[in-house]
Amino acid sequence: QVQLVESGGGLVQAGGSLRLSCAASARKISSDTVGWFRQALGKEREFVAAIRWTGYYADSVRGRFTISRDDAKNTVYLQMNSLKSEDTAVYYCAVDLNGGSITRSASRYEYWGQGTQVTVSS
């Protein structure tokens, strides 16, 4: 079991930055894959980034977003720079306990946070 709590969302102007946090409890996640997904109104859930030992990114955010982790705090971060209106969505973090290669498929992640809203105005 893993409990995940996202924070850091909010309203920001295009070109601005936000840092999202995903704090885990109940177990250590230092050896597990943690992913960030987002879902905009009327759209399917979309892979954003994931990290186990190194970070992986969707093409739409590569070069603008950075995923990192602080194992001492059992927390994963998503630094979002150069935000665009199309980044507006609810952002979720999720944990894959299975090990192995990182997957972009949401169905492979067992535990999810409640989500945090990111709104980018233009």
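Below, each value reflects all heavy atoms present in this structure, side chains not excepted, and no hydrogens, waters or symmetry copies.
In this structure, T88 and V120 approach most closely via the heavy-atom pair OG1-N, 2.9 Å. Between S60 and E46, the closest heavy-atom pair is OG-OE2, 3.8 Å. In terms of heavy atoms, V2 sits closest to Y111 at O-CD2, 3.8 Å.
S121 is linked by a side-chain hydrogen bond (donor to acceptor under 3.5 Å, both in side chains) to nothing, counting only residues two or more places apart in sequence or in another chain. With sequence neighbours left out, S101 forms a side-chain hydrogen bond (donor to acceptor under 3.5 Å, both in side chains) with no residue at all. Annotation: salt bridge (charged side-chain N to carboxylate O under 4.0 Å, His left out) contacts of R64 (sequence neighbours excluded): D87. Residues forming a side-chain hydrogen bond (donor to acceptor under 3.5 Å, both in side chains) with Y91 (at least two apart in sequence, or on another chain): R38. Scanning for ring pair (Phe, Tyr, Trp, His ring centres under 6.0 Å) contacts around F37 gives F47, Y109, W112, with sequence neighbours left out.
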Name the atoms and distances for all side-chain donor-acceptor pairs under 3.5 Å in residues 3-13, with sequence neighbours left out.
residue : atom : partner : partner atom : Å
E6      : OE1  : Q114    : N            : 2.8
E6      : OE1  : G115    : N            : 2.9
E6      : OE2  : C93     : N            : 2.8
E6      : OE2  : G115    : N            : 3.4

Please table the atom pairs, donor to acceptor, closer than 3.5 Å between any side-chain atom in residues 15-35 and protein atoms at least two apart or in another chain.
residue : atom : partner : partner atom : Å
S17     : OG   : N81     : OD1          : 2.8
K28     : NZ   : D71     : O            : 2.9

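Listed by first then second residue, pairs satisfying salt bridge (Lys or Arg N to Asp or Glu O under 4.0 Å) with a partner in residues 50-59 read D59-R62, not counting sequence neighbours. Within the structure, the salt bridge (Lys or Arg N to Asp or Glu O under 4.0 Å) test picks out no pair touching residues 99-117 (sequence neighbours left out). For residues 48-69, the set of pairs meeting the ring pair (Phe, Tyr, Trp, His ring centres under 6.0 Å) definition, not counting sequence neighbours, is empty.
Side-chain contacts under 4.5 Å among hydrophobic residues (ILVMFWY), followed directly or transitively, place Y77 with no other residue at all. The hydrophobic cluster around L41 extends to none of the other residues, as no ILVMFWY side-chain heavy atom falls under 4.5 Å of it.
Follow the hydrophobic side-chain contacts under 4.5 Å out from L83 and you reach V48 in the same cluster. Residues V118 and W36 share a hydrophobic cluster, clusters being chains of Ile/Leu/Val/Met/Phe/Trp/Tyr side chains in contact below 4.5 Å.
Side-chain polar atoms of T103 and S105 form no donor-acceptor pair below 3.5 angstrom.
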